[in-house]
Amino acid sequence: MADPQWWRDAVVYQIYVRSFADADGDGVGDLEGIRARLGYLELLGVDTLWLTPFYTSPMADHGYDVADPRDVDPVFGDLAAFDRLVADAHEHGLRVTIDLVPNHTSREHEWFRAALDAAPGSPERARYHFRRGRGPDGDEPPNNWQSVFGGPAWTRVQDPDGSPGEWYLHLFAPEQPDLNWTNAEVWADLEKTLRFWLDRDVDGFRIDVAHGMSKPPDLPDTREEREPAGDDERWAPASGEPDPRFDHDDVHGVHRMIRAVLDHYPGRLVMGEVWVGDSSRFSRYVRADELHLGFNFRLVRAPFDAAAVRSAIEQSLGAVADAGSSPGWTLSNHDISRPVTRYGGGEAGLARARAMTLVELALPGMVFLYNGEELGLPDADLPDDVLQDPIWELSGHTRRGRDRSRVPIPWEGSAPGYGFTASDPWLPMPPEYGKLVAAEQLEDTGSTLSLVRRAIELRKTHPGFQGQELEWFGAPTGCLAFRRAGTTLVCALNTSAEIVPLPPGEVILASGPLTDGMLPPDTAAWLA
Ligand code: NOJ
């Protein structure tokens, strides 16, 4: 654990705390549940955990609406449970990183409550973005911005005397008012939060909406109403088209402040969720005095097509090369459809997801795995009446939201619950999850879990995984092959409909069965 740049090649495992493991039997995952599963995580071979928000919250966005960033919500445990988890994780050789949410607070945060009780123009309101409305009676929102979750990004409040008053900005749910990052108290408070958790021995942070926070002072209208095609498209802007809601230049000052705090704590990491479409804009976030690392979502956007995958990899490498940072690869998280489903579902979807896992784990840089990805879980098909994501209501039931990829993890047994909880899980677990329980996959050498375990083990021990540069080989149409420069380990992927010959070498791992020594469709192999 001594290397200060440990994160450069680390495998990070994202725990959606609510859905990982429930120790106290209320149907919701918690910190003690994670602690009880550390042995599994060690066996899987990951280096680092990333915990989604577990802070005091009314849970309008399942914890991304934070009422107190320096305490634990009782549904997840308490500070003592957090300390136990960090200490035990370190004993298991696992680092712990946590999610911080500096773009917004909960409406229940004491600052926002004070703002509602205070008059327009008061210092209490200045910590958020309060504005008078447009129109003669001020009854239209101050600009045309839309919330990422659906509907206007503004909600009107009453003045303390009960009359219709100002509007406040929320880029996400109305329960998540955006903080004003020109306000010195907002900066000081984040600094306090960083130190609070660093002093409790966390190994780093994931910054939520790291491309948010700063807003243009005049809050100009967007040029057009943005109505992206599908749910995933919301999270993955396709181009570098300017959007005044995000990626304002002043945000880099915030990242420099965060980094300056972390630099007092050697070996701690700050990584950020950076959804910007343009590589040169992305690279600004990972300059030497800002984030150590940004999640690059190009691979998420790429369809299962060798040319698209190669282009996503090359663009991601290019985006960090100039800044001297290293890439962060992700195929899955709690905001998007799971890879098995995204790549077509069923057996083909699973085969493709397994193949892409081998591609991802062959790449230089940090790799993020989202809990359940190692089990090959597909999205869950949930009935309307159980949906909890605020997107469902805010979009007027036109977007089903992200619950499909947040269903609890099936650990063992044959009845729902599946070892996640002794009571009713907070989202129903579909019967097909019963066929994918971790305990059985651990015993089965052909399972997705066994494949991911073996791949991580090879990534850590085989000399073919050293070096930051990639060399590409010529490959049949619909295929790709690369290796780290100066090594002999080749990763080959077949996204075509044909069986193709493999490059020379001995197959040390394949994502599925080979056909007469050849690489079938929807399959990847590592050759040494
Ligand atoms: C990004 C998080 O990943 C997502 O889950 C959350 O809803 C938004 N930020 C708002 O905090």
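Computed from a predicted structure; not experimentally measured. First listed ligand is number 1; within each ligand, the first listed atom is number 1. Basis for what follows: all heavy atoms, side chains included, without hydrogens, waters or symmetry-related copies.
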Aromatic contact between W329 and F297, with the criterion being ring centroids under 6.0 Å apart: yes or no? no
Please enumerate all residues that pass ring-ring contact (aromatic ring centres under 6.0 Å, His included) together with W167, with sequence neighbours excluded. none
Between F112 and Y168, is the ring centroid distance below 6.0 Å? yes
Distance filter under 4.0 Å to V209 heavy atoms, resulting ligand 1 atoms: 9 (N)
Can you tell which of I207, D335, D389 gets a heavy atom nearest to atom 3 (O) of ligand 1? D335
Within 4.0 Å of some non-hydrogen atom of R402, the atoms of ligand 1 are 4 (C), 5 (O), 6 (C), 7 (O)
Which of the numbered atoms in ligand 1 are under 4.0 angstrom from any heavy atom belonging to H104? 10 (C), 11 (O)
Could you go step by step and tell me if R338 and D379 meet the salt bridge (charged side-chain N to carboxylate O under 4.0 Å, His left out) rule? CA-CA 6 Å; R338 285 189 176 272; D379 284 354; 5.1 Å; no
Taking non-hydrogen atoms only, is Q14 closer than 4.0 angstrom to ligand 1 via side chain, backbone, both or neither? neither
Within 4.0 Å of some non-hydrogen atom of R406, the atoms of ligand 1 are 5 (O)
In chain order, what residues pass the side chain to side chain donor-acceptor pair (under 3.5 Å) check against D208, with sequence neighbours excluded? R206
Does the ring center of F295 lie less than 6.0 Å from the ring center of W50? yes
Residue part near ligand 1, for Y16, under 4.0 Å between non-hydrogen atoms: neither
